[in-house]
Chemist: 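First, the structure itself, so that you have it in front of you.
Because the structure is a prediction, the values reported are computed rather than measured.
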Amino acid sequence: MFFFWGCGLLVIAQTQPLRMMSQIPLARALDARCLLFDSYGMMWIGTEQGLLRYDGYSFHNFRSDAYSPGILPNNYVRTLTEDHDKGIWIGTHNGLVRFDMHTGKFRTYHLEEEQRRGINTLFTARDGTVWIGTTAGASRYDKEHDKFIYYRMPGGVMSFEEDEKGHIFIGMWERGLARLDIKTGKTEMYPVLNTRNTVYSMLFDSRGRLWIGSWENGIQRIDNPADINHPKVWLFNDDRDDFRTYYRLVEDPASHMLWGCCMEGFTRIDMNSDKVENHDEMLTFCNDIHTDGQGNLWVLTRNNGIAHLSTLAAPFRYYNLPEGGQQLLVSCTRSLFTLDGRYFWLGLQPYGLARYDRQTNETLYGHNIPGFGHMTGADDVYLQTISSMEQVAGEVWMASSKGILIWQEGHAVEILSYQNAPFLNSHSVNALMRQKSGVVWIGQASQVSVATSKTQGKTLAMKDGDDDFSTCNVMSFAEDSKGRVWIATDNEGIIRVSGDARYPEKLRYRHYCPQNGKYPVDDVTACYEDSHKRLWAISGSGGLFRYDETADRFDPVNFDYHIMGGSVYAIEEDASGTLWLTTEHALVCLNFDNKGNPVITSYGYEEGLDNMRFSPNSSCRHGSEVFFGSEKGFFAFKPDKRLAAMGAKSPRLVVTNLLIDDRPFEFIGTELQQDILKTSPFMARKITIPSEVDKFRK
């Protein structure tokens, strides 16, 4: 007996994350049909106008034309597979081709009988055997004898699969499913599976179940494929009215989902609960889909090129400020501060203040924040720029364009300005830092002050010999393990202050600037000493610098550490002693191996960072969480193994082509090719450049 087990369609709200990472555009005229990632990670795309190879930067088109005839017997590429000998097999509308990656040569095969010339599908078995499906049936390539073994089937072959015993499953057009025992040559037919009895695509999942993509009847699953008479078949998506033909099925272990692509879009089925979710609104005309098994999907579409999707939740948690609550909608975070990990103070760019409650998800702005209600009119904090915040004796001190705002729970905010504080000479305060001794350092646009209380303090006259750098625009302060204070300025480089700030007249100063060769640029965003007592400086125009105590200078390390770009905006250390930097290109993790060599990991859009427009010195840490401000609020993450694994990439250098005197390698002539290389450029390990070659590029 043969039974169908019905599984009703259940469309649910999105329970698993699905993020669009990137899209690779393709010309509509190409009409891409199939997709393959080879063992080197190169992407191959079969189109109606030839074969494309994509190396992550550019496409190389292999096709027959007037300048390169005979590469393909037909430019309509319908199916692709890779064998175990570094060969790409290409099924075309009129013949079969093998591209040898060792030699870079194409070899065309025309199978016997006219009906076998058009290749429907290709499949590589676990032993490396290549199977070919055509209108006339199935064939396999016998590598030892360089010939094809033919199997006559009752219908045109559309798909292949292999079970754990090595049996080959053959899906046919309107003739159902067959199982071939290679050892005995015996073929057994399954009963009718669906209305059209067409098996267009197949997949054995990790549990030994056989999934079938039908023609017009959705997805089916055979739970007991070993028993032809009682296979136990489940139906998915069979009650839809649309075309619903699944061209490819893949299993993604990271999301525990089966994914299928079709003309209407793509579908995922939870392999634990059998719940179905259709993503027809996201992408349409999906011709192929592939997974790396680690949560990444690539969907080949007709209208949207190749879409890269992630099925994993981003390791970053976003706290985007709501668009409301202010006269001018501002959500870009300039400064970030928390005392308890629940309430976050955000100085906004270009002006304004917000307090966000992570427990209630409530955001308060300006005079709506408790303690700020009396600040209205010209004094409204909505009109102020809050650039730095610090805890001082149970209070929160805020550097403001109106002076220093002092907030304490249950009290009205106090304002220190040049009118009531002898250590201020103007309204604007840029930076604050409370030293271990209790002294508060205050940076303004043109001076540095120290304060021992709200009413006691002094402006510093900073000189080193004849070098007077008192008039400096302060960006931030840092105290190192020796009690020295490092001042980052926007116009005077770095200033080091030694001594007890409670006795300002005894302080000693050291200047680091381009003029004395101790720091190469004028501007500094911040100085930072990590838990390993390494001292760093970051800059918008210079990137990352490391202090050399012996030479008493700051050396640039962007190039040495392979940090892209010339700007570093913020620096923060996590609980394990790893440094995190924000740049114009990515969030960068900086660590060191046992030999002291830097280890850089970058996180960007593909790892889940939705917005990478960062602000200078907009970061903080609480417990195991690290926080960075962004254009829409701030985000948090906990450095862990999953985050490290997501960012860990092992790039491989691949030579895709050589240009000899401005001509591609394949067009320079066989004799010169042999003088330069014994293999294809792709497999190159040694290159010899003859004396007659004037120009060489790779």
Chemist: Below 30° counts as parallel, above 60° as perpendicular, anything between as tilted: where do the rings of Tyr603 and Phe316 land?
Modeler: perpendicular
Chemist: Using atom types as modelled and distance alone, determine if a side-chain donor or acceptor of Asp55 lies under 3.5 Å from a backbone N or O of Ser58.
Modeler: yes
Chemist: So which atom in Met189 and which in Ala178 form the shortest heavy-atom distance, rounded to 0.1 Å?
Modeler: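 The pair with the smallest heavy-atom distance is SD-CB, 3.4 Å.
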Chemist: List the steps, then state whether side-chain contact (heavy atoms from CB on, under 4.5 Å) holds for Leu587 with Leu581.
Modeler: CA-CA 6 Å; Leu587 172 67; Leu581 316 170; over 6 Å; no
Chemist: Is a donor on one side and an acceptor on the other found under 3.5 Å between the side chain of Glu584 and the backbone of Gly566?
Modeler: yes
Chemist: Between Trp89 and Tyr109, is the ring centroid distance below 6.0 Å?
Modeler: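 Ring-ring flag for Trp89/Tyr109: true, centres closer than 6.0 Å.
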Chemist: Tell me yes or no: between the side chains of Gln115 and Thr134, is some donor less than 3.5 Å from an acceptor?
Modeler: no
Chemist: Answer whether the closest heavy-atom distance between the side chains of Leu80 and Leu51 falls below 4.5 Å.
Modeler: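 The answer is yes; the side chains approach within 4.5 Å.
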Chemist: Run Thr301 and Asn303 through side-chain hydrogen bond (donor to acceptor under 3.5 Å, both in side chains) and show every step you take.
Modeler: CA-CA 6 Å; Thr301 73; Asn303 298 327; over 6 Å; no
Chemist: Is there a donor-acceptor contact under 3.5 Å from the side chain of Thr245 to the main chain of Glu216?
Modeler: yes
Chemist: Can you tell me how far apart CD1 (Ile90) and OG1 (Thr108) are? Round to the nearest 0.5 Å.
Modeler: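 Interatomic distance, Ile90 CD1 to Thr108 OG1, rounded to 0.5 Å: 8.5 Å.
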Chemist: Can you check whether Tyr246's main-chain N or O pairs, donor with acceptor, with Ser201's side chain at less than 3.5 Å?
Modeler: yes
Chemist: Could you pull out the closest heavy-atom pair between Leu312 and Gly295, with the gap in Å?
Modeler: CG-CA, 4.0 Å
Chemist: Ignoring hydrogens, what is the shortest heavy-atom contact between Leu672 and Pro690? Give both atom names and the distance.
Modeler: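 For Leu672 and Pro690, the tightest heavy-atom pair comes out as CD1-CG, 3.9 Å.
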Chemist: Could you give the distance from CG (Asp83) to CE (Met101), rounded to the nearest 0.5 Å?
Modeler: 7.5 Å
Chemist: Look only at the side chain of Glu162 and the backbone of Arg126, and say whether a donor-acceptor pair between them is shorter than 3.5 Å.
Modeler: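 Yes; judged by distance alone, with no hydrogens or angles, the pair exists.
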Chemist: Is the distance from the ring center of Tyr54 to that of Trp44 below 6.0 Å?
Modeler: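 Judged by ring-centre distance (under 6.0 Å), Tyr54 and Trp44 do not meet the cut-off.
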Chemist: What distance do Met564 atom CE and Ser602 atom OG have between them, rounded to the nearest 0.5 Å?
Modeler: 8.0 Å
Chemist: Minimum heavy-atom separation for Thr135 and Asn120, please, with both atom names.
Modeler: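 Minimum heavy-atom contact is N-ND2, 3.6 Å.
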Chemist: Step by step, work out the side-chain hydrogen bond (donor to acceptor under 3.5 Å, both in side chains) result for Thr284 and Glu264.
Modeler: CA-CA 5 Å; Thr284 57; Glu264 289 78 16; over 6 Å; no
Chemist: Is the side chain of Asp38 donor-acceptor paired with the backbone N or O of Met42 at a distance under 3.5 Å, no angle test?
Modeler: yes
Chemist: Would you check if the side chain of Asn287 reaches a backbone N or O of Ala32 as a donor-acceptor pair within less than 3.5 Å?
Modeler: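 Confirmed, Asn287 side chain pairs with Ala32 backbone.
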Chemist: With a 6.0 Å cut-off (strictly less than), is the heavy-atom count around CD of Glu281, excluding the residue itself, greater than 12?
Modeler: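 Counting neighbours around CD of Glu281, more than 12 heavy atoms of other residues, nucleotides or ligands fall under 6.0 Å, so yes.
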Chemist: Measure the shortest side-chain to side-chain distance between Ile563 and Thr583 over non-hydrogen atoms and say whether it is less than 4.5 angstrom.
Modeler: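 Side chain of Ile563 against side chain of Thr583, heavy atoms only: contact under 4.5 Å found.
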Chemist: Is the count of non-hydrogen atoms from other residues, nucleotides or ligands lying under 6.0 Å from His167 atom NE2 greater than 12?
Modeler: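 Above 12, so yes.
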Chemist: Using 4.0 Å as the upper bound for N to carboxylate O, is an ion pair formed by Arg179 and Asp163?
Modeler: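 Salt bridge absent between Asp163 and Arg179.
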Chemist: Has the side chain of Asn197 got a donor or acceptor atom that lies under 3.5 Å from a matching backbone atom of Leu193?
Modeler: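 Checking the backbone N and O of Leu193 against the side chain of Asn197, a donor-acceptor pair under 3.5 Å is found.
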Chemist: Just wondering, do His93 and Arg117 contact through their side chains at under 4.5 Å, heavy atoms?
Modeler: no
Chemist: Applying side-chain hydrogen bond (donor to acceptor under 3.5 Å, both in side chains) to Arg140 and Tyr151, what does each step give before you reach the verdict?
Modeler: CA-CA 8 Å; Arg140 64 178 174 90; Tyr151 299 85; 2.8 Å; yes
Chemist: Classify the side-chain pair Thr92/Asn94 by whether it contains a donor and acceptor separated by less than 3.5 Å.
Modeler: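 No, Asn94 and Thr92 have no side-chain donor paired with an acceptor closer than 3.5 Å.
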Chemist: What heavy-atom pair brings His279 and Glu277 nearest, and what distance separates the two atoms?
Modeler: CE1-OE2, 3.5 Å
Chemist: Step by step, work out the side-chain contact (heavy atoms from CB on, under 4.5 Å) result for Phe266 and Leu18.
Modeler: CA-CA 12 Å; Phe266 57 98; Leu18 185 62; 3.8 Å; yes
Chemist: Is any NZ, NE, NH1 or NH2 atom of the basic residue among Arg33 and Asp31 found under 4.0 Å from an Asp or Glu carboxylate oxygen of the other?
Modeler: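 Looking at Arg33 and Asp31, the cut-off is met.
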Chemist: Verify the neighbour count for atom CE of Met20: are there more than 12 heavy atoms of other residues, nucleotides or ligands below 6.0 Å?
Modeler: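 Buried by this count: over 12 neighbours within 6.0 Å.
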Chemist: Got a donor-acceptor contact below 3.5 angstrom from the Asn217 side chain to the Asn194 backbone?
Modeler: no
Chemist: Would you say Thr291's side chain and Asn296's backbone share a donor-acceptor pair under 3.5 angstrom?
Modeler: yes
Chemist: Hey, what do you get for CZ (Arg63) to CD (Glu48), rounding to the nearest 0.5 Å?
Modeler: 12.0 Å
Chemist: Please determine, by modelled atom types, if Ser159 and Thr121 share a side-chain donor-acceptor pair under 3.5 angstrom.
Modeler: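 Side chains of Ser159 and Thr121: no pair found under 3.5 Å.
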Chemist: How about Asp252 and Thr311: does a side-chain donor come under 3.5 Å of a side-chain acceptor?
Modeler: yes
Chemist: Taking NZ, NE, NH1 and NH2 as the nitrogens, is one of them in Arg98 or Asp100 under 4.0 Å from a carboxylate oxygen of the other?
Modeler: yes
Chemist: Report yes if some heavy atom in the side chain of Phe37 is under 4.5 Å from a heavy atom in the side chain of Asp292; otherwise report no.
Modeler: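 Heavy-atom side-chain distance check fails, nothing below 4.5 Å.
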Chemist: Walk me through it: do Arg116 and Ser139 pass the test side-chain contact (heavy atoms from CB on, under 4.5 Å)?
Modeler: CA-CA 9 Å; Arg116 297 187 190 271; Ser139 307; 3.3 Å; yes
Chemist: Using the ring centroid of each side chain, check whether His308 and Trp298 are separated by less than 6.0 Å.
Modeler: yes
Chemist: What distance do Ser630 atom OG and Tyr318 atom OH have between them, rounded to the nearest 0.5 Å?
Modeler: 7.5 Å
Chemist: I want to check something: taking the side chain as every heavy atom from C-beta on, are Leu249 and Trp259 in contact at a cut-off of under 4.5 Å?
Modeler: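 Side-chain contact under 4.5 Å: no.
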Chemist: Less than 4.0 Å between a side-chain N and a carboxylate O, is that true for Glu113 and Arg152?
Modeler: yes
Chemist: Contact between Trp211 and Trp234 at the side-chain level, heavy atoms closer than 4.5 Å - yes or no?
Modeler: no
Chemist: Considering all heavy atoms of both residues, which atom of Ser214 and which atom of Gln220 are nearest to each other, and what is their separation?
Modeler: CB-OE1, 4.1 Å
Chemist: How about Met153 and Thr187: do any of their side-chain heavy atoms sit closer than 4.5 Å?
Modeler: yes
Chemist: Give the intermediate values and the outcome of side-chain contact (heavy atoms from CB on, under 4.5 Å) for residues Leu26 and Ile306.
Modeler: CA-CA 7 Å; Leu26 294 172; Ile306 302 168; 3.9 Å; yes
Chemist: Hey, are Asp146 and Tyr141 close enough side-chain-wise for a donor-acceptor pair under 3.5 Å?
Modeler: yes
Chemist: How about Phe160 and Phe169: are their ring centroids closer than 6.0 Å?
Modeler: no
Chemist: Determine, step by step, whether Asp288 and Arg248 satisfy the salt bridge (Lys or Arg N to Asp or Glu O under 4.0 Å) criterion, reporting the C-alpha distance in whole Å, the side-chain angles of both residues, the deciding distance to 0.1 Å, and the verdict.
Modeler: CA-CA 6 Å; Asp288 208 344; Arg248 177 84 69 177; 2.7 Å; yes
Chemist: Could you tell me if the side chain of Leu180 sits less than 4.5 Å from the side chain of Trp131, heavy atoms only?
Modeler: yes
Chemist: Give, for atom CG of Leu309 and atom CG of Leu283, the distance between the pair rounded to the nearest 0.5 Å.
Modeler: 6.0 Å
Chemist: Classify the angle between the aromatic ring planes of Phe614 and Phe635 as parallel (below 30°), tilted (30 to 60°) or perpendicular (above 60°).
Modeler: tilted
